[in-house]
Protein chains: 2
Amino acid sequence: MQVASAGLSSMPSPALPFPVSVAFSGMSPAFRSALGRTLRFQRGAEVYAEGNLADHLYKVVAGAIRTCRILPDGRRMIAHFALQGDLFGLDGVQHHRFFAEAVTDTVVIAFPRKEITEWVSREPGAAHSWNTYTLEKLTAAQDRFIMLGRRTAAERVAAFLLDLADRGQRPDESIDLPMSRYDIADYLGLTSETVSRLLSNLRKNRIIAEQGSHRFRILNREALEERADEESI
Amino acid sequence: MQVASAGLSSMPSPALPFPVSVAFSGMSPAFRSALGRTLRFQRGAEVYAEGNLADHLYKVVAGAIRTCRILPDGRRMIAHFALQGDLFGLDGVQHHRFFAEAVTDTVVIAFPRKEITEWVSREPGAAHSWNTYTLEKLTAAQDRFIMLGRRTAAERVAAFLLDLADRGQRPDESIDLPMSRYDIADYLGLTSETVSRLLSNLRKNRIIAEQGSHRFRILNREALEERADEESI
DNA sequence: CGTCGGATTGAGAACGTTCAAGGGGCGTGG
DNA sequence: CCACGCCCCTTGAACGTTCTCAATCCGACG
């Protein structure tokens, strides 16, 4: 499993001067764990449960994490997919209001929130960086309201693929979908059957090409963007 | 129009020591405007447009505000209703990504964000308060994902009424719905007809009683909570 | 008293779900 | 190495919830 350069460096414009923001790549495991503890999770393993004390923030080094909630009747909603380089764990003030699981075998670094708080109050500019980061997250969440409230199934799936493509940043427009159709459905507020049908439809229309059920390549980005009804800002 | 005691006091547990947190009620307009500018908007008037510089934060003194976005084909989504005492305007890092309108005739106070930033960096504890506030907003947004992605129309309407009842804090379980059925629909990801039908249904089942189309009273809170499928945490 | 915007109600259509069956990939065990 | 089983994915058909279109109603206001 490839280990990415880590730290809290996926932060906003003024890169976070938090000590962990240095690249971890070449560091010894001992030093790395002094800044943030490295944890490994097997596919399906729980990182934290709903209700747990939210005393850490996590960064995905490799793999993928989903944060979910399950309703009493079994309906599940996925709030967020954290991919390589993404932070997660900000789903509650005191206690986690979602649970987090590994989508695939995953390596994360856990940073005590206390340290972040101290860093924010200590370093000049840190408060601004941190604030910008949470504000960006808030803004992204609001965009998702529109997705879930006003977009059709086809638009959601197309937008999801584009989002993954942009986050993946692969040169050849290939998309790695580590999660199952069920996961995608629970992220988009659909059913796995609908997701499957819509992916098939995109394949039939030569907009995407399948390379195994968890890897796609965008053949016609323009058409995909049209289906996502991209209205930027 | 009744004017509430104002300031940024609707903030998290450790009340914000931002200068404007003092009650405005008895102050002269001159002094009030030195801290935050008081603005009045007629029903339907725009507070800010999508794309405007997000250089202020607003507090509703009286009335109600909606923050919305409209898709190219006319579909509209309302991200947030700001009622008496609520803050709004945090819908973008640099520029507003939604527009804000007055639902009814409304009085708001506009605080320059610059002042808030300065206050956060100046006052001890302010950073923590502010951070907690944005984190609470982020958490609330995540809860809304479940609402929009996994709840039925009936559950959404019931939960919406309970939310308004709790925010309104009226002793007699009466709910003031300043917004139209269209607004409610665009907030819940439904159509106005569906909202209307479900409200009629609640009325027929003696769960709520109508007191004019913009005021309801909860007759049977237990039944309403059951329909909202309340699963706390 | 008439007009207008919003609210309500009905009927039919559509989108997405549900239920059901079949297929395929992968790991495990024989 | 092959067979089996387990997921997960795919596809089909029927169903149901919600939307769309349309008519009517109601209350506020001139």
Side-chain angles (χ1 to χ4, degrees), chain A residues 42-44 66 71 73-78 101 103-105 147-158 160-161 177-205 208-216 227 229, chain B residues 42-44 64 66 71 73-78 101 103-105 147-158 160-161 175 177-205 208-216 227 229:
Chain A
Q42 288 198 322
R43 174 183 139 88
R66 59 176 176 250
L71 301 184
D73 63 355
R75 284 175 291 180
R76 184 182 68 157
M77 186 76 198
I78 295 182
E101 290 176 335
V103 174
T104 60
D105 292 352
M147 199 79 216
L148 294 169
R150 283 287 175 247
R151 296 289 197 182
T152 66
E155 290 171 336
R156 295 183 207 188
V157 170
F160 179 71
L161 291 179
L177 298 202
M179 66 292 288
S180 73
R181 303 291 188 264
Y182 289 89
D183 285 342
I184 299 174
D186 287 343
Y187 180 74
L188 297 177
L190 302 170
T191 60
S192 66
E193 293 94 329
T194 298
V195 171
S196 186
R197 270 185 256 273
L198 290 167
L199 287 176
S200 298
N201 183 289
L202 290 173
R203 227 182 298 125
K204 278 176 198 135
N205 287 286
I208 59 174
E210 187 167 8
Q211 305 178 316
S213 70
H214 289 284
R215 171 169 291 279
F216 289 90
R227 296 199 177 212
D229 197 28
Chain B
Q42 289 198 322
R43 173 184 138 89
R66 58 175 176 252
L71 301 185
D73 62 356
R75 285 174 290 179
R76 183 182 68 157
M77 185 77 198
I78 296 182
E101 291 176 335
V103 174
T104 59
D105 292 352
M147 198 78 215
L148 295 169
R150 282 288 176 246
R151 298 289 197 184
T152 66
E155 290 171 337
R156 295 184 207 188
V157 171
F160 179 70
L161 292 179
I175 310 174
L177 300 201
M179 67 292 288
S180 73
R181 301 293 188 264
Y182 290 88
D183 285 342
I184 299 174
D186 287 343
Y187 179 74
L188 297 178
L190 302 170
T191 60
S192 67
E193 294 94 330
T194 298
V195 170
S196 188
R197 271 185 256 274
L198 290 167
L199 287 175
S200 297
N201 182 290
L202 290 173
R203 227 183 298 124
K204 279 177 196 133
N205 287 288
I208 59 174
E210 187 166 9
Q211 306 178 317
S213 69
H214 289 284
R215 171 169 292 278
F216 288 90
R227 296 198 176 212
D229 196 29

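All figures in this text were calculated on a predicted structure; none of them were measured in a lab.
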Rounding to a whole Å, what distance do you find between A:Leu177:CG and D:dT10:P?
10 Å
CZ of B:Arg75 versus P of D:dC19: gap in Å, rounded?
12 Å
With respect to the side chain of B:Ser213, which nucleotide from C:dG16, C:dA7, D:dT10 is positioned closest?
C:dA7
Does A:Asp105 use its side chain to pair, donor to acceptor, with the backbone of A:Gln42 at less than 3.5 Å?
no
Rounded to whole angstroms, how far apart are CZ on A:Arg215 and P on C:dG25?
17 Å
Any donor-acceptor pair under 3.5 Å linking the side chain of B:Arg181 with the backbone of B:Ser213?
yes
Between P of D:dT11 and CG of A:Leu198, the distance in whole Å
12 Å
Scan residues 181-195 of chain B against DNA chain C and write down, sorted by residue number, each residue with any heavy atom closer than 4.0 Å; if none is found, say none.
B:Arg181, B:Tyr182, B:Glu193
Would you find a donor on one side and an acceptor on the other, under 3.5 Å apart, between the side chain of B:Arg156 and the backbone of B:Arg151?
yes
Once you round it to whole Å, what is the distance between P of D:dT17 and CZ of B:Arg151?
17 Å
Mark yes or no for whether B:Arg75, through its side chain, and A:Arg150, through its backbone, hold a donor-acceptor pair below 3.5 Å.
yes
Heavy atoms from other residues, nucleotides or ligands near CZ of B:Arg43 exceed 12 (cutoff 6.0 Å)
no
If the condition is side chain to side chain donor-acceptor pair (under 3.5 Å), which residues does A:Asn205 pass it with, not counting sequence neighbours?
A:Asn201
In whole Å, what is the span from the CZ atom of B:Arg227 to the P atom of D:dT17?
14 Å
Within the 4.0 Å heavy-atom criterion, would you say A:Ser196 contacts the bases, only the backbone, or no part of the nucleic acid?
base
Quick note, A:Arg203 side chain, CB onward, closest among D:dT18, D:dT10, C:dA7 is D:dT10
For a quick check of understanding: with a heavy-atom distance under 4.0 Å over all strands, which category does A:Arg150 fall into, base, sugar-phosphate or nothing?
nothing
Hey, which of these two, B:Ala153 or A:Glu210, hits DNA chain D nearer its 5' end, going by closest nucleotide?
A:Glu210
Would you say a side-chain N or O of B:His214 is under 4.0 Å from OP1 or OP2 of C:dA7?
yes
With B:Leu198, the side-chain contact (heavy atoms from CB on, under 4.5 Å) member among B:Ile184, B:Thr152, B:Val157:
B:Val157
Counting only distance, no hydrogens or angles, is the base of D:dG12 paired donor-acceptor with the side chain of A:Arg197 under 3.5 Å?
yes
Distance check needed: C:dT9 P versus B:Leu202 CG, whole Å only.
12 Å
Quickly work out the A:Met179 CE to D:dC8 P distance and round it to whole Å.
14 Å
